[in-house]
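Everything on this sheet refers to the single structure shown next.
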Amino acid sequence: MLPFTPPIVKRLLGWRKTDFKSDLEEKWSEKAVKSLVKKLKKNGTVDELERAITTADPNTRCITIARSLDGRLQVSQKKGLPHVIYCRLWRYPDLSSHHELKPVENCEYAFHLRREEVCVNPYHYNR
């Protein structure tokens, strides 16, 4: 684990569904979670993310981050769609494309709505 990993990051990492093929993948996922926690601390939704993941409840609130110009998120030289990254991490480890995901009805910031913020709650997307 990376040095100085906050307790919330450790707890969230414990809920990962992914089987890592390499140490690089595992370190990348840690960086992705750290990056997300840092963004969520600014708008106070870290607890909501933890609640959504631990209860697997689609009725939790949207957990949003700012949408980049191209809609992708970069973590350590690797770019991807934010909702796909976090759905793969905490819900569908074998997810291969954003085309496999459909937002739940109560998601106000679903990726396809193209709003200024995008929801990364893994339980706001179904296959």
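Model, not experiment: these values are computed from the prediction. Throughout, numbering of the chain's residues begins at 1 and tracks the sequence.
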Margin query: Applying side chain to side chain contact (heavy atoms under 4.5 Å, CB included) to Y92 and V84, what does each step give before you reach the verdict?
Written below: CA-CA 9 Å; Y92 304 116; V84 174; over 6 Å; no
For the student: nearest non-hydrogen atoms of [X] and [Y], plus distance:
| X | Y | answer |
| --- | --- | --- |
| L95 | C87 | CD2-CB, 4.0 Å |
| L81 | G71 | CD2-O, 3.7 Å |
| N106 | N59 | ND2-CA, 3.8 Å |
| P82 | I65 | CB-CD1, 3.8 Å |
| R61 | N121 | O-ND2, 3.1 Å |
| P122 | I53 | CG-CG1, 4.1 Å |

Next item on the list: Quick one: which residue pairs count as a salt bridge (Lys or Arg N to Asp or Glu O under 4.0 Å) with a foot in residues 104-124, not counting sequence neighbours?
Entry: none
Margin query: Once salt bridge (Lys or Arg N to Asp or Glu O under 4.0 Å) is applied, what residue pairs with a partner in residues 83-97 remain, sequence neighbours excluded?
Written below: D94-R127
In Å and rounded to the nearest 0.5 Å, what is the [atom1] to [atom2] distance from [X] to [Y]?
| X | Y | atom1 | atom2 | answer |
| --- | --- | --- | --- | --- |
| E100 | N126 | CD | CG | 12.5 Å |
| I85 | S35 | CD1 | OG | 8.5 Å |
| E50 | I63 | CD | CD1 | 10.5 Å |
| R11 | L49 | CZ | CG | 11.0 Å |
| K10 | K34 | NZ | NZ | 9.5 Å |
| K78 | R72 | NZ | CZ | 13.0 Å |

Note to self: Any non-hydrogen side-chain atom of L12 less than 4.5 Å from a side-chain atom of Y86?
What the structure shows: no
Item checked: Beyond-backbone contact of D57 with R51, side-chain heavy atoms, under 4.5 angstrom -> no
Residues that [X] engages under side chain to side chain donor-acceptor pair (under 3.5 Å), provided they are two or more places apart:
| X | result |
| --- | --- |
| S97 | none |
| N43 | T45 |
| Q74 | none |

Margin query: Could you go through T60 and E48, starting from their C-alpha distance and side-chain angles, then the distance that decides it, and tell me whether this counts as side chain to side chain contact (heavy atoms under 4.5 Å, CB included)?
Written below: CA-CA 7 Å; T60 48; E48 191 67 22; 3.3 Å; yes
Margin query: Test: ring-ring contact (aromatic ring centres under 6.0 Å, His included). Region: residues 99-127. Which pairs qualify, not counting sequence neighbours?
Written below: H83-F111, H83-Y125
Next item on the list: Keeping to residues at least two apart or across chains, list the ring-ring contact (aromatic ring centres under 6.0 Å, His included) pairs with something in residues 25-48.
Entry: none
Item checked: Non-neighbouring partners of S68 that pass side-chain contact (heavy atoms from CB on, under 4.5 Å), sequence neighbours left out -> D70
